[in-house]
Amino acid sequence: MNFSKTAIMRPVSTIMLMLIIVVLGVISFTRLPIDLYPKMELPYAMVMIQYPNAAPTEIENLVTKPVEQQIATVENIKGLYSYSMEGNSLVLCEFENGTDMNFANLDMREKVAMISDYLPENAAEPMILTMDPTMMPISQLYVAGDLPLVELNKLVEDEVIPAIERSEGVAAASTFGGTEKEISVKFNQERLAGYGLTLSDISRMLAAENVSLPSG
C-alpha cells in the first residue's frame with residue numbers, strides 16, 4: 001500500500017525508475033552471450049591407444065588390460081569401461097561428480113606413463129582426452145548437386161573446404177560421405193589358370209608395385 005501511494009505521489013520518479021529498469025533490461029538482453037555448447041566439465045576421460053594390425057584378443061591382453069589395471073588406481077573413479085577393437089584400444093573412465101578433471105587427467109597420464117615401456121613396440125603413444133562438448137562440430141553443411149559423386153566430392157575437398165577454413169573464427173573443417181575414385185581390376189579366371197596364377201598372387205603383386213617412394 002505504501003509503495004502504491006509513493007508511486008502515485010511521485011509520478012516523475014516512478015516513470016524514471018521504470019525507464020531505467022527497461023533500458024538496463026534491453027542492454028543486458030542484447031549483450032547476453034549465447035552458446036550452443038556452453039562451457040561445462042563432464043566427469044569423463046578416455047585413454048586411446050593404436051596398435052596397428054593387431055587382433056582384438058591381442059589388443060585386449062597386451063594393451064587394454066594393463067591400462068585398465070593402472071587406471072583403476074586413479075582417485076574418484078566411479079566406473080571403468082574398455083573397448084578392444086582391431087588396431088585400437090579404448091578405456092573410458094567415469095569420475096565422481098565434482099572431480100577436478102585437470103588433476104584427474106594429470107593423474108591418468110602419470111599412471112599410463114608407468115607402463116608405456118611395457119606396451120608392444122608397435123603400439124602408438126597413448127592419448128588421454130577429457131570429454132568436452134565444445135569439441136563437437138558447431139555447424140554442418142550438406143552439399144548436393146547434379147554432378148557425379150566423385151566429382152562432387154573432389155569439388156568439396158578442393159574448393160569448399162579451403163574456403164571454409166579461411167573464414168574467420170573457423171578452427172577446422174572436415175568432410176565425410178561422398179565417393180572416392182578407385183580402380184577396379186577384373187580377371188579372367190581361365191587365363192589366370194593357364195599362367196598358373198591365383199588371385200592371391202595377383203593381389204601380392206599389386207601390393208608390391210603400388211607404393212610411393214621418394215626419387216632423386
Side-chain angles (χ1 to χ4, degrees), residues 37 39-96 99-141 150 153-154 156-158 160-162 164-165 170-183 200 203-214:
Y37 296 109
K39 184 174 179 57
M40 57 187 299
E41 193 173 65
L42 299 178
Y44 292 93
M46 66 176 67
V47 181
M48 299 177 59
I49 301 177
Q50 293 184 343
Y51 185 17
N53 304 322
T57 304
E58 190 176 2
I59 291 284
E60 181 179 6
N61 294 329
L62 299 180
V63 179
T64 304
K65 286 185 177 180
V67 172
E68 275 186 324
Q69 293 173 357
Q70 286 296 112
I71 295 298
T73 60
V74 177
E75 296 182 358
N76 299 325
I77 281 189
K78 182 179 180 181
L80 196 59
Y81 315 94
S82 63
Y83 306 90
S84 298
M85 300 158 285
E86 183 179 355
N88 289 280
S89 171
L90 175 63
V91 179
L92 179 64
C93 308
E94 180 184 4
F95 291 87
E96 298 287 348
T99 301
D100 186 348
M101 293 307 298
N102 292 328
F103 179 78
N105 188 296
L106 181 61
D107 197 6
M108 289 176 61
R109 290 183 185 276
E110 292 179 351
K111 299 295 183 181
V112 174
M114 295 175 63
I115 62 167
S116 59
D117 293 338
Y118 299 97
L119 296 176
E121 292 184 0
N122 295 332
E125 190 72 19
M127 293 187 299
I128 302 177
L129 306 172
T130 54
M131 303 297 289
D132 187 359
T134 59
M135 296 175 62
M136 300 177 62
I138 197 69
S139 179
Q140 293 183 347
L141 177 66
V150 175
N153 191 52
K154 189 176 187 312
V156 170
E157 291 181 349
D158 295 345
V160 177
I161 291 299
I164 294 177
E165 290 177 337
V170 175
S174 59
T175 61
F176 63 92
T179 302
E180 296 287 343
K181 185 177 180 179
E182 61 181 20
I183 298 175
S200 299
S203 177
R204 286 193 295 269
M205 292 178 185
L206 291 175
E209 296 295 333
N210 187 28
V211 294
S212 296
L213 296 175

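This is a predicted model, so every value here is computed, not measured.
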Point to revise | Between Thr64 and Ser84: side-chain donor-acceptor atoms closer than 3.5 Å | key: yes

Review point. Are side-chain heavy atoms of Thr175 and Val160 found at a separation under 4.5 Å?
Key: no

Shortest non-hydrogen contact between [X] and [Y], atoms and distance:
| X | Y | result |
| --- | --- | --- |
| Glu75 | Asp107 | N-OD2, 3.9 Å |
| Pro43 | Glu96 | CB-O, 4.0 Å |
| Leu62 | Pro66 | O-CG, 3.6 Å |
| Ala124 | Ile49 | O-CG2, 3.8 Å |

Which value, rounded to the nearest 0.5 Å, describes the distance between [X] atom [atom1] and [Y] atom [atom2]?
| X | Y | atom1 | atom2 | result |
| --- | --- | --- | --- | --- |
| Leu42 | Thr99 | CG | OG1 | 12.0 Å |
| Glu121 | Tyr51 | CD | OH | 9.0 Å |
| Leu92 | Glu68 | CG | CD | 11.0 Å |
| Ile59 | Leu90 | CD1 | CG | 11.5 Å |
| Glu60 | Met85 | CD | CE | 12.0 Å |

Exercise for review: Apply side chain to side chain contact (heavy atoms under 4.5 Å, CB included) to Ile71 and Met108, showing your working.
Suggested key: CA-CA 6 Å; Ile71 295 298; Met108 289 176 61; 4.2 Å; yes

Check your understanding: Checking side chain to side chain contact (heavy atoms under 4.5 Å, CB included) against Ser89, which of Val63, Val67, Leu119 comes through?
Key -> Val63

Check your understanding: Does the Gln70 side chain pair with the main chain of Lys111, one donor and one acceptor, at a distance under 3.5 Å?
Key -> yes

**Study point:** Whether Ser203 side chain and Ser200 backbone form a donor-acceptor pair below 3.5 Å
**Key:** no

Point to revise | Enclosure of Met46 CE (heavy-atom neighbours >12, cutoff 6.0 Å) | key: yes

**Study point:** Tyr44/Thr130 under side chain to side chain contact (heavy atoms under 4.5 Å, CB included): CA gap, chis, key distance, verdict
**Key:** CA-CA 6 Å; Tyr44 292 93; Thr130 54; over 6 Å; no

